[in-house]
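First up is the structure itself, then whatever we jot down about it.
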Amino acid sequence: MTAAAPDPKILHVDMDAFYASVEIRDRPELADRPVAVGGTAEGRGVISAANYPAREYGVRSALPTARALQLCPELVLLPPDFDKYTTVSREIMRIFRSYTPLVEPLSLDEAFLDVSGCERLHGNAETIGRKIRSDILRETGLVASIGVAPTKFLAKLASDLDKPDGFRVIRGPELREVLDPLPVSKIFGVGERTAKRLESMGVTTIGQLASKSRDEVKATFGATGTWIHDLAHGIDDRRVTPNRVEKSHGKERTFPEDVTDRELLRRCLYDFAEEVAYDLRDRGLRGKTVSVKARFWNFKTVTRSKTLDFPTNLGPRIFATARELLERVPAGPLRLLGVQVSNLEDVRTPVQTGLFDDGAAFQAPREDTRLGRATEGVDQLRRRFGRDVVRPASLIDAPDERRGSRDPRP
Amino acid sequence: MKVLCDRERLREGLALVQSIVPTKSTRPAIENIYLAATDDALELVGTDLEVSMRYRLDDVKVAETGTALVPGRVTADFVRDLASDTVELSTDGEHLTIVGGADTCTLSTTDPDEFPTAALVRFESTGALSIQGGNFAKLVSRTSFAAAKEQGRYAMHGILTLVEDQVLRMVATDGRRLAVASTPIDDTGAPRRAIVPTKAMQAMCRVIDDTLEQISLQFSDNQVGLKTRAAEIFARVIDGEFPRYAAVIPAETSKTVEADADLMAKKLKLVSNVTTADARAVKLTVAEKTMSIRGRSSTSGKAESQLDIDYKGEEAEIAFNPDFLLDGLRNCETDLVRLEFNDRTSPGKFTLGENYIYIVMPITADA
């Protein structure tokens with residue numbers, strides 16, 4: 001553990017109301033109105049992002065759209081356009097990388113940057129932060145909040161302090177002054193439950209937590225205790241790690257209406273499996289563990305997983321496993337279904353070949369090798385003409401149902 | 001029963017039998033060792049229901065014949081730690097008393113009838129195969145390391161043992177590498193074939209204390225028995241389909257390399273230090289008279305080493321898991337190891353001695 005070094009070297013850049021801001025940038029007439037991006041109320045969607053006028057009504061991300069519309073009847077609700085956000089995100093990340101290679105994206109609109117050693121080239125961390133902010137505004141027309149601090153935790157805290165359009169530097173000496181009055185819930189890792197338990201110990205602010213002995217906090221909260229106590233002291237030795245390895249990749253959907261029909265659910269799984277597989281191939285990854293997540297009408301959620309003998313990024317293989325897993329999900333109306341592939345590795349990872357194609361299970365069967373080659377061709381078509389250009393015949397006669405968005409057949 | 005025996009002989013027998021007795025079982029009776037004192041011998045029997053062992057001590061004085069089922073671990077440990085030359089075992093009703101000099105121990109016993117009768121079978125000598133103990137043990141050590149260790153591939157958890165055309169052959173594989181070794185035997189009977197659990201094979205090797213002694217091997221429907229002068233072992237054979245191993249042994253290869261086995265092992269070990277557990281691979285590049293061994297890992301770096309070899313032909317490369325190669329080279333019986341292969345995606349065939357080959361599948365990137 002290293003105590004907070006006096007020099008702020010870490011930047012946390014967070015785009016303000018990212019999706020909403022991108023939409024408003026393209027439709028300036030909406031600028032002063034409450035705008036949110038999200039799924040429809042009829043489709044039981046949720047808000048993905050809300051601009052600041054909308055937030056004044058209490059509209060925030062993850063809120064069900066129906067509720068958001070109750071809070072703010074004049075809310076302008078826009079459907080999300082992830083392709084557009086991804087494009088903008090790439091521009092922003094490119095700006096970051098023009099200053100330092102140490103960029104750790106946390107999502108499309110948020111990243112940590114370590115600018116140690118960039119001073120002679122670009123100036124100190126504060127200067128770089130300001131340059132980045134103006135670069136983003138100039139090149140994308142969007143506003144970012146930036147925190148500059150000696151550690152990740154403090155940088156993230158700093159970017160949040162003056163949001164929106166914030167710019168905040170926390171230096172070593174002002175650490176206590178900034179941290180002490182903040183509620184403990186600002187600490188990464190302190191959720192509702194931990195906050196309640198801390199409160200019962202008489203701790204509501206970070207300052208109070210910091211003044212407790214490390215052993216006492218550890219005795220009550222275990223490993224989490226030492227972690228949050230360190231953070232309360234501004235100690236955080238997490239480094240900015242570029243190329244953070246993706247741990248899993250998945251796709252899930254909340255249905256507009258609960259779905260009981262297994263045939264429909266299977267079609268859904270097929271769709272997800274193909275999509276997840278395509279994304280994995282696109283990223284040069286393959287995975288060994290397939291999971292199916294199912295949420296029932298009453299929000300009871302079950303997941304079923306299976307680890308394959310060999311890693312795959314082929315839709316049919318993922319689907320076959322997911323379908324098996326769906327059989328192990330109890331019957332009942334589902335509001336959400338998802339497929340996830342984890343245990344990922346680079347496709348270039350060396351593979352131990354097997355002696356017996358019949359008996360050796362750790363090697364992908366021959367049919368997968370053939371399918372893999374066919375898939376490469378299909379992927380090229382998809383890249384040129386769109387993902388839906390090649391589809392299985394079984395789905396062609398049921399164009400409405402493949403999204404699982406219609407009533408089950410009578 | 002009441003028996004006086006040599007402590008060292010008894011210690012040895014108990015240790016051998018105890019080595020297969022489970023320390024914890026859903027059937028507690030088999031956590032015991034079965035003792036049977038006959039007119040001229042004391043026999044010790046242990047089983048884990050897959051493998052059973054009968055060990056016979058001859059030079060004992062039996063004052064009273066009888067049987068007893070005694071706790072295996074405590075009995076073996078107590079006798080091991082005694083300092084006396086002789087030990088007296090006696091039972092009275094529900095207790096076993098062990099006396100060695102001035103030291104004594106009394107243990108609770110179990111009703112001998114609770115011991116599985118299947119473990120009390122006797123070796124049937126008719127039709128048994130005779131082979132020198134050392135040759136049998138050598139075949140086991142030449143192959144057992146290649147048998148599957150991880151869960152799931154049941155038939156590969158044993159050593160395929162074949163008797164055919166005056167040859168005893170053992171084959172073990174985990175699906176990625178395969179070891180085949182054989183030795184000529186004097187036998188004119190029908191071909192025999194069984195998959196014997198690796199663990200049982202190793203127990204069999206342990207009871208062969210004299211490598212020159214002729215031992216007997218008996219194949220029956222569901223078990224294989226082995227008899228030495230002092231011990232009998234029965235192993236339940238694995239009922240599964242062993243992969244068709246002969247088909248994966250390359251008949252023709254375009255490249256033949258000969259290298260000093262010790263030196264190649266040293267270099268492999270050296271280079272493998274930089275490879276990581278999740279990408280355990282070394283690349284061998286053979287060129288006229290030289291082999292380069294390269295290893296790399298995305299996290300730690302790379303290493304390269306070279307050794308002189310006997311090779312004529314164009315440059316070629318093939319990658320392997322270094323651990324697999326080291327397992328084989330450790331067992332190499334000749335100074336020179338021969339490696340034959342065709343290309344980077346087909347199996348490497350190592351000749352590790354007379355009638356001893358080892359096949360290793362390569363590692364390929366972006367297959």
Side-chain angles (χ1 to χ4, degrees), chain A residues 101-102 239 241-248 280-289 305-314 317 321 342-377 379, chain B residues 146 148 150-156 171-180 240-250 275-283 294-299 318-324 341 343-349 358-367:
Chain A
L102 295 178
R239 292 201 283 182
T241 46
N243 319 317
R244 205 162 47 134
V245 184
E246 232 186 321
K247 296 256 168 54
S248 67
L280 286 174
R281 292 194 297 273
D282 198 39
R283 287 155 208 241
L285 296 170
R286 58 186 175 216
K288 224 175 159 182
T289 304
S305 310
K306 183 179 176 181
T307 297
L308 303 169
D309 293 314
F310 48 87
T312 189
N313 55 19
L314 297 173
R317 179 63 55 188
T321 313
S342 54
N343 223 334
L344 303 182
E345 65 173 32
D346 194 305
V347 291
R348 289 165 303 179
T349 307
V351 183
Q352 169 69 57
T353 52
L355 282 162
F356 317 103
D357 264 346
D358 49 343
F362 42 79
Q363 195 192 12
R366 282 245 166 90
E367 66 196 68
D368 276 22
T369 315
R370 281 199 297 271
L371 182 61
R373 285 194 202 109
T375 308
E376 277 171 34
D379 280 354
Chain B
E150 62 264 53
Q151 298 291 309
R153 271 161 291 143
Y154 188 56
M156 295 188 200
V171 187
T173 180
D174 63 3
R176 292 165 279 212
R177 48 168 163 182
L178 171 108
V180 188
E241 196 170 334
F242 200 82
R244 283 174 307 179
Y245 75 95
V248 302
I249 301 173
T275 64
T276 47
D278 54 334
R280 199 81 174 141
V282 290
K283 188 188 280 177
R294 291 189 185 86
R296 64 181 311 137
S297 109
S298 53
T299 49
I318 187 164
F320 294 108
N321 179 330
D323 299 326
F324 290 177
F341 66 102
D343 57 48
R344 54 183 283 276
T345 60
S346 52
K349 175 184 173 188
Y358 181 47
I359 310 294
V360 184
M361 283 306 284
I363 284 176
T364 55
D366 222 351

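Letters A, B, ... mirror the listed sequences (proteins, then strands); counts begin at 1.
Closest approach of A/Gln352 and B/Met361 over heavy atoms only: NE2-O, 2.9 Å. The heavy-atom pair separating A/Phe356 from B/Arg244 by the smallest distance is CE2-O, 4.0 Å.
Tested against A/Leu355 for a side-chain contact (heavy atoms from CB on, under 4.5 Å), the candidates B/Leu178, B/Val360, B/Asp174 yield a single pass: B/Leu178.
For B/Phe320, no part lies near chain A; criterion is any non-hydrogen pair under 4.5 Å.
In this view, B/Phe341 satisfies the ring pair (Phe, Tyr, Trp, His ring centres under 6.0 Å) rule with no residue, not counting sequence neighbours. In this structure, the side chain to side chain donor-acceptor pair (under 3.5 Å) partners of A/Thr307, at least two apart in sequence or on a different chain, are A/Thr289.
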